[in-house]
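Because the structure is a prediction, the values reported are computed rather than measured.
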Amino acid sequence: MPHAHHGEYKVPGGKLVVVDLDVEEGVLRNVRVAGDFFLEPDEAIFSINTALEGSPSSTDAAGLAARITAALPEATVMLGLTAESVGIAVRRALTHATEWSDYDWQLVHVEPQAPALHMALDEVITAEVAAGRRAPTLRVWEWASPSVVIGSFQSLRNEVDPQGAAKHGMTVVRRVSGGGAMFVEPMSTITYSLSVPESLVSGLSFADSYAYLDDWVLGALGDMGIKAWYQPLNDIATEAGKIAGAAQKRMAGPDGGPGAVLHHVTMSYDIDAAKMLEVLRIGKEKMSDKGTKSAKKRVDPLRRQTGLTREQVIENMIASFRNRYGLTTGDVTAEEMARAEELVRTKFATEEWTARVP
């Protein structure tokens, strides 16, 4: 008889962990862990299964990991696998999480848009995914003008020098997700959004969901010869420095049902650090722990690391996603665009929203 629950978790930078199990009277039964990881000694796999057997089905991933760690033989070696990742795979099984391959992914990569319209499109497209009216979407942004995008909770005056922004023609907008300020010049920035059903990250903590949703782009960078890794909580880094930052926003579904997650990433293709320092007020605290007197060393752009044009990097990223999960070219619908334009007027282009944290 097949198991009632099946969960999979691709460990970021690691291997696939698969769990099949049943739940009887509130506890885990017939637990079987499998995957393409490496594990020594051989019998450690049975120790993992035994440790999970009989666990209350309400146990969180950390609690499951603790049981596994306590049960492992001494000198166990795990490669591409951790006790935590098995715990996550169990939680994904119990919450009926979905996988990347369950969906017909749609690509939206259209003409350049104004900064405020990008903010609105993120909200509208993610709401459509939450409502089940749109397939999970990868949207690659093109910028119509330079911009500073501040996080939902950042202080406008603490982050942006208004004279510097005006001098360089920078539009300042506030996004719906948290995180730090983005300094954007159209030909120097690569930005994309993933709008995904909440079930794709089911069983993951907020922190784990960042790594999980960034994993494909680490693979895409690897295909271009860049060894990059996820750096908690929301950076993508290489040995030469940070190359990208991510931010997320969870949106509820209709009638409080399952919702969607907006995960967007801004990557540095090139950077004018001197200009950035005139526009952003980069706090002393932020700089002090980096051991550098300027922002120039904090970001190492893709242009230098790849030798490719911005367009080639984007095409390679899209091709990498398509090869992994499939990707159909789509568009923003007329209804979505009308709603986004309305949101620009009523929210994203208003002083009230942009200065909501003065």
How is the hydrophobic cluster of Phe206 composed, in terms of its other members, when Ile, Leu, Val, Met, Phe, Trp and Tyr link through side-chain heavy atoms under 4.5 Å apart, directly or indirectly? none
Backbone of Leu327 reached by a side-chain donor or acceptor of Arg322 within 3.5 Å: yes
With the 4.5 Å side-chain cut-off for hydrophobic clustering, are Val357 and Trp353 part of the same group? no
Could you state the interatomic distance from CE (Met267) to CD1 (Ile314), rounded to the nearest 0.5 Å? 10.0 Å
In Å and rounded to the nearest 0.5 Å, what is the OG1 to CZ distance from Thr354 to Arg175? 13.0 Å
Does Lys249, at its NZ atom, have more than 12 non-hydrogen atoms belonging to other residues, nucleotides or ligands within less than 6.0 Å? no
Heavy-atom closest contact (Ser47 atom, Pro73 atom, distance): OG-CD, 3.7 Å
Residues two or more places apart in sequence or in another chain: which of them pass side-chain contact (heavy atoms from CB on, under 4.5 Å) with Ala34? none
Tell me if a side-chain donor or acceptor on Thr69 pairs with a main-chain N or O of Ala66 at a distance below 3.5 Å. no
Linked, directly or transitively: Leu117 and Val124 (ILVMFWY side chains, under 4.5 Å): no
Measuring from Leu28:CG to Thr59:OG1, what's the distance to the nearest 0.5 Å? 6.5 Å
Can Arg174 and Glu159 be counted as an ion pair, charged N to O under 4.0 angstrom? no
side-chain contact (heavy atoms from CB on, under 4.5 Å) between Ile45 and Phe37: does it pass, once the steps are laid out? CA-CA 11 Å; Ile45 190 71; Phe37 46 79; 3.9 Å; yes
Surrounding CZ of Arg303 (heavy atoms of other residues, nucleotides or ligands, distance under 6.0 Å), is the total greater than 12? no
Let me confirm one number: the OG-CG distance from Ser85 to Leu16, rounded to the nearest 0.5 Å. 10.0 Å
Heavy atoms of Ser55 and Arg67 approach each other most closely as OG-NE, 2.9 Å
Pro115 versus Ser145, closest heavy-atom pair with distance: CD-OG, 3.3 Å
Minimum-distance pair of heavy atoms, taken over all atoms of Ser147 and Thr171: OG-O, 2.8 Å
Hydrophobic clusters here meaning ILVMFWY residues chained together by side-chain heavy-atom distances under 4.5 Å, can you tell me if Leu121 and Met182 are in one? no
Pair Arg139-Thr137, side-chain donor/acceptor within less than 3.5 Å: no
Any chain of hydrophobic side-chain contacts (each under 4.5 Å) joining Val140 to Val184? no
Lys/Arg N to Asp/Glu carboxylate O, Asp22 vs Arg29, below 4.0 Å: no
According to the interplanar angle, ranging from 0 to 90°, do the rings of Phe321 and Tyr325 count as parallel (below 30°), tilted (30 to 60°) or perpendicular (above 60°)? perpendicular
Between Gly203 and Ile88, the two heavy atoms sitting closest are O-CG2, 4.1 Å
Would you say Arg356 has more than 12 foreign heavy atoms packed within less than 6.0 Å of its CZ? yes
Using a 6.0 Å cut-off, check whether atom CZ of Arg157 has over 12 heavy atoms from anything other than its own residue. no
Are Trp100 and Tyr192 connected into the same hydrophobic cluster when the rule is that any two of I, L, V, M, F, W, Y join if their side-chain heavy atoms are below 4.5 Å apart? yes
Output, in order, the C-alpha distance, side-chain angles, deciding distance and verdict of side chain to side chain donor-acceptor pair (under 3.5 Å) for Ser193 and Trp141. CA-CA 8 Å; Ser193 308; Trp141 303 21; 2.7 Å; yes
Any ion pair linking Glu278 and Lys275 (charged N to carboxylate O, less than 4.0 Å)? no
Determine, for Asp215 against Lys10, whether the closest basic-nitrogen to carboxylate-oxygen distance falls under 4.0 angstrom. yes
Give a yes-or-no answer on whether the side chains of Arg133 and Thr333 include a donor-acceptor pair shorter than 3.5 Å. no
Count the heavy atoms of every other residue, nucleotide or ligand shown that sit under 6.0 Å from CG of Asn323, and state whether that count exceeds 12. yes
